[in-house]
Trainee: 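Handing you a structure now.
Counting starts at 1 for both ligands and their atoms, in listed order. Quantities reported herein were computed from a predicted structural model and do not represent experimental measurements.
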Amino acid sequence: MKRFEAIEEIMKDITRELVIGNIGFPSRELYEIRNRNENFYMLGSMGLASSIGLGIALSLDEKRNNKKDDLDSKQYNKKIIVLDGDGAILMNLGSLVTIANQNPSNFILICLDNESYGSTGNQSTYSKNSDLLEIAKSSGFKKAYDFDEINFKELLNSNSNDSIFIRFKIAPGNENVGIIDLTPEEIKTRFMNSI
Ligand SMILES: Cc1ncc(C[n+]2csc(CCOP(=O)(O)OP(=O)(O)O)c2C)c(N)n1
C-alpha cells in the first residue's frame, strides 16, 4: 500500500477531526482525497506538522477545560490528527519527546513511514534501521501502535487519556496529483474558522 491508499484508509473514518498534513505529497494527496476546511496543509516547514498539531491540541484542550460547564466546550472537543512522514519526524525528533511529555489526550500523530523522502524523489531515510515506533515508545508515548495492529475507527472514536502515536508502514511512491490550489492565507483562515 502506498501513501495515497493509506491516507484514503485514514480519511474514510474522519468526521469532525482537525487534520494537519505534512509538507509535499502527503498534503497534496490529502487535498485530492478529501479537501475540507478542517484540513491544514502545511506547505513550507518540513518537520513542523507535529509541532503545529501539538500547539493546536494544547490550545483546544485548555479552551475545553476553561469552558467545562459551558455549551461552548463541545466546540473544542475535537481530535487533532497529524499525517506526518518518517523524514519529517526524523528531522524534528525532539517533537516526539515534547508531545509525549505534554501528552494532550486529543492528539493522534500518524507517521506514514515509507522509509524515504518521498516528496523529493524517494531518497532513503534512516527509519528502516531506526524504528520510529520504538523511538516513540521510549520517548514516553503511553500509546504507540502499528496501524496494522489497531482498529483505527474504534481508536479514533474512543476516549483516550493520552496522546497516541501510530506508525503506518507503507511502500514508497507518490500519486500523480495536482498542486493545492489555495493560498497559505486561505488555508489558514478557513482552518481557523472551522475551529
Ligand atoms: C527544512 C527542510 N528541508 C528539506 C525540505 C525539502 N523537502 C520537502 S518534502 C521532503 C521530504 C519529506 O519526506 P517525509 O517527511 O518522509 O514525507 P514523504 O514525502 O515521504 O511522505 C523534503 C526533503 C524542506 N521543505 N524543508
Side-chain angles (χ1 to χ4, degrees), residues 1-14 17-36 39-57 80-100 107-137 139 141 144-148 152 163-188 191:
M1 182 187 290
K2 293 186 190 163
R3 188 197 310 101
F4 192 83
E5 290 80 39
I7 297 177
E8 275 183 328
E9 176 88 16
I10 291 162
M11 290 307 291
K12 74 176 166 39
D13 296 324
I14 294 294
E17 295 82 5
L18 304 170
V19 178
I20 320 294
N22 180 26
I23 184 171
F25 273 94
S27 276
R28 286 168 60 178
E29 290 178 0
L30 173 62
Y31 182 69
E32 171 84 19
I33 289 163
R34 207 168 133 208
N35 180 30
R36 56 205 271 282
N39 291 352
F40 183 77
Y41 308 110
M42 200 274 292
L43 300 183
S45 320
M46 184 178 165
L48 289 184
S50 59
S51 305
I52 293 167
L54 173 64
I56 297 165
I80 292 79
I81 317 295
V82 174
L83 301 179
D84 219 343
D86 49 296
I89 287 183
L90 286 165
M91 181 171 267
N92 185 15
L93 264 185
S95 184
L96 288 185
V97 179
T98 311
I99 295 164
F107 189 59
I108 301 180
L109 173 58
I110 303 178
C111 175
L112 298 165
D113 186 356
N114 53 14
E115 299 178 3
S116 62
Y117 299 103
S119 297
T120 48
N122 293 323
Q123 304 88 351
S124 294
T125 67
Y126 293 137
S127 73
K128 194 171 183 176
N129 298 319
S130 300
D131 186 322
L132 287 171
L133 182 57
E134 293 305 318
I135 291 175
K137 286 179 187 168
S139 298
F141 272 87
Y145 313 105
D146 252 321
F147 190 85
D148 285 350
F152 179 65
S163 297
I164 298 172
F165 179 90
I166 300 172
R167 191 252 316 264
F168 199 156
K169 275 283 182 194
I170 52 174
N174 305 317
E175 195 75 7
N176 187 15
V177 292
I179 55 157
I180 296 172
D181 205 10
L182 296 166
T183 64
E185 286 78 11
E186 282 168 336
I187 294 170
K188 184 193 75 173
F191 181 75

Trainee: Please determine whether a side-chain nitrogen of the Lys or Arg among Lys137 and Glu134 lies less than 4.0 Å from a carboxylate oxygen of the Asp or Glu.
Mentor: yes
Trainee: Counting C-beta onward and ignoring hydrogens, is there a side-chain heavy-atom pair between Ile56 and Phe107 closer than 4.5 Å?
Mentor: no
Trainee: For residues 22-34, pull every pair meeting side chain to side chain donor-acceptor pair (under 3.5 Å), keeping only residues two or more places apart or in separate chains.
Mentor: Arg3-Glu29
Trainee: Say you draw a straight line from CG of Leu48 to CD1 of Ile20; how long is it, rounded to the nearest 0.5 Å?
Mentor: 12.0 Å
Trainee: Run through ligand 1 for me and note each protein residue having a heavy atom under 4.0 Å from it, chain first, then residue number.
Mentor: Arg3, Asn22, Ile23, Pro26, Gly44, Met46, Gly85, Asp86, Gly87, Ala88, Met91, Asn114, Ser116, Tyr117, Gly118, Ser119, Thr120
Trainee: Suppose we screen for salt bridge (Lys or Arg N to Asp or Glu O under 4.0 Å). Which residues come up paired with Glu5, at least two apart in sequence or across chains?
Mentor: none
Trainee: Among all residues two or more places apart in sequence or in another chain, which pass the side chain to side chain donor-acceptor pair (under 3.5 Å) test with Asp113?
Mentor: Ser127, Lys169
